[in-house]
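What follows is a set of notes on a single structure, which appears directly below.
Remember, predicted model here, so these are calculated numbers, not experimental data. Letters A, B, ... are given to chains in the order of the sequence lines, protein chains preceding strands, and every chain is numbered from 1.
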Amino acid sequence: MLAYLTKRMFHTILAIWIVITITFIFMHAIPGGPFQREKAIPATIKANIEARYKLDQPLYLQYVDYLGNVVRGDLGPSFKYRGQTVNGIIAERFPVSFQLGLLTFTIAIVVGIGAGIIASIYQGRLPDYLTMFFSTIGISVPSFILGTLLMYFLSFRWGLLPAAMWGTPKHMIMPAIALAGLPTAFIARLTRSSMLDVLNQDYMRTALAKGLPRWQIIWIHAVKNAIIPVITYAGPLLAYVLTGSFIVENIFAIPGLGKHFVTSIYNRDYTVILGLTIFYSIILIVLNMLVDLAYTLVDPRIKLIGKEE
Amino acid sequence: MQISIGLFSPLKKKPSQQEIVRPSITYWQDAWYRLKKNPVAMVSLVFIILLLLVAIFGPYFSSYSYSDQDFDRRNEGPSRLHPFGTDSLGRDQLVRVMHGARISLAVGFVAAITTFFMGVIYGGIAGYIGGRVDNIMMRIVDILYSIPFLLWVIMLMVLFRELFPATGGGAGLYSIFLALGLVFWLPMARIVRGQILSLKEQEFALAAQTIGAPKSTILFRHLIPNAMGPIIVTATLAIPEAIFTEAFLSFIGLGVSAPRASWGMLSSDALTSLRSYPHLLLYPALAICLTLLAFNFLGDGLRDALDPRMRK
């Protein structure tokens, strides 16, 4: 266990280091430099600015410096918004994205698993067909289309929900549904097929023969075993929710981190783009590691050591 | 004991038994037979072929080009002149959706082809050589895999846009090819490596080795053809993912440059005037959804047909 943990930690740190290194290389490969303006600036001012941001030092020193800053949790200043730092932007906007992400995550897990269980119990009957029909549509409608359609019908046509901005629970409904559509559909399919596997096992017949009540067989014996593939999907789901929020926050004008990420792409605000990439990558890499650890704990059959095929 | 010669007589020839062997069919014929029995996959295949034809030849039959503007006919609804209506610059939406199909399909197929070659070569070498080489090569894949791929693609697109300033829109498309090619081969490499690891222990590989076949021949002529089923399934399922990624990038403004049209870009343009002109969203959105659906169904069907063991 300890050996595995150490190895896993080592991989995680290595992955984060690679992300930081590649972002650093990218930042310096972008021609023009961050302070190139339309108007030529006097050489001394330029030299001063470069000295201020340590751009006059040799590249390897800048790299060591940058690495040190990132390790200390400092992602640098924004080049576009004078006086703002990437850290400040994250602190201000991440809570909004986090709320949206958490809500999406909850919808996807609860609705997805629920629909999957119902479909598997009623296999070959109406609830199953309905679930499969909607989940098939769900996995092929990108979030930006679902979001735009929801916006058109629910706010423009019927005026039920506010079309944009953030603040009240009403504002959260549409973005969360738009973002949750695809993972919900995916989880429903996953749960259904995994439940069907479990329901055909011998121990299900044993439980039935013992005369256990139906709900107990399904909830205690079947769902508990069928849930493992869904837990393994939690990692990709997190990645999907975080990156998916770029588009959804943009559509619904939500002042979250995802919207700012896209805005900084339009603005060519490179330090923000790269800083946020590092931030997102670190979150995802670390959470993925936790998910891996979680499902090895849930299912004792999954071996920690010697996972090679 | 005397044995007289009379005890021995030639066996009478029996009437030949009835032939019960059917003509042997190859793996591919068998797979095609199974695929044909899957109506959903066949409908998807027909849809994809039609889409391909429309994407290639459709724009030639239109009297407009994707960049022709007509300021007297802006934001018009569907009519006989413009079956899908016109956009905010008076451009024909039908020809723009067809042009978008070209871009989406090109992105999808190029991603599938790069995935195929990079994944097969990388995974094949790692699996076949094994040992320390395999360990190092697959650790690299593991680490790259743990980094969210969409972030990679976004970063690469940001970089490429600066390195190769778009020349008439073409550069944007090549940047997408390159960015997707660089990240999409990872799952393929894992699958090929797993297949090769188990195949190389089988007798036919040993037989090839004993007759002195060079390593590259064993790998590329004997092992990889036997792993073709899962390889093709993985490559097919890379297509919808690539199409989706391109639409995503175009939607956030990192895709092909104007005046070119891709489905993601058309959807994003439609968003700005959604309240007044919702018809602009309808066709590109429908095109994306149907195409993703068709490729996903075809991929699932191919998986069932080519690799019955993977069937759920």
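There is no contact between Ser194(A) and chain B, counting heavy-atom distances below 4.5 Å. Looking at Phe248(B), the atoms closer than 4.5 Å to chain A (heavy atoms on both sides) sit in the backbone and in the side chain alike. Neither the backbone nor the side chain of Asp134(B) comes within contact range of chain A; no heavy atoms are under 4.5 Å apart. For Arg189(A), the part lying under 4.5 angstrom from a heavy atom of chain B is the side chain only. Contacts of Ile252(B) with chain A are made by both backbone and side-chain atoms, with heavy-atom separations under 4.5 Å.
In the displayed structure, Phe134(A) atom CZ is contacted under 6.0 Å by at most 12 heavy atoms of other residues, nucleotides or ligands.
Comparing Ala294(B), Cys289(B), Pro284(B), Gly264(B) by how many heavy-atom pairs each has under 4.5 Å with chain A, the most go to Cys289(B). For the set Val141(A), Thr12(A), Ile247(A), Val19(A), the entry with the most heavy-atom pairs within less than 4.5 Å of chain B is Ile247(A). When each of Ile288(B), Leu282(B), Leu290(B) is scored by its heavy-atom pairs under 4.5 Å with chain A, the top score falls to Ile288(B). Per-residue heavy-atom pair counts under 4.5 Å with chain A were compared for Thr291(B), Asn296(B), Leu271(B), and the maximum is reached by Leu271(B).
For the atom pair CZ (Phe244(B)) and OG (Ser140(A)), the distance works out to 11.5 Å, reported to the nearest 0.5 Å. Rounded to the nearest 0.5 angstrom, Ile139(A) CD1 and Leu292(B) CG are separated by 9.5 Å.
Listed in order of number, the residues of residues 249-257 of chain A that approach chain B to under 4.5 Å between heavy atoms are Ile251(A).
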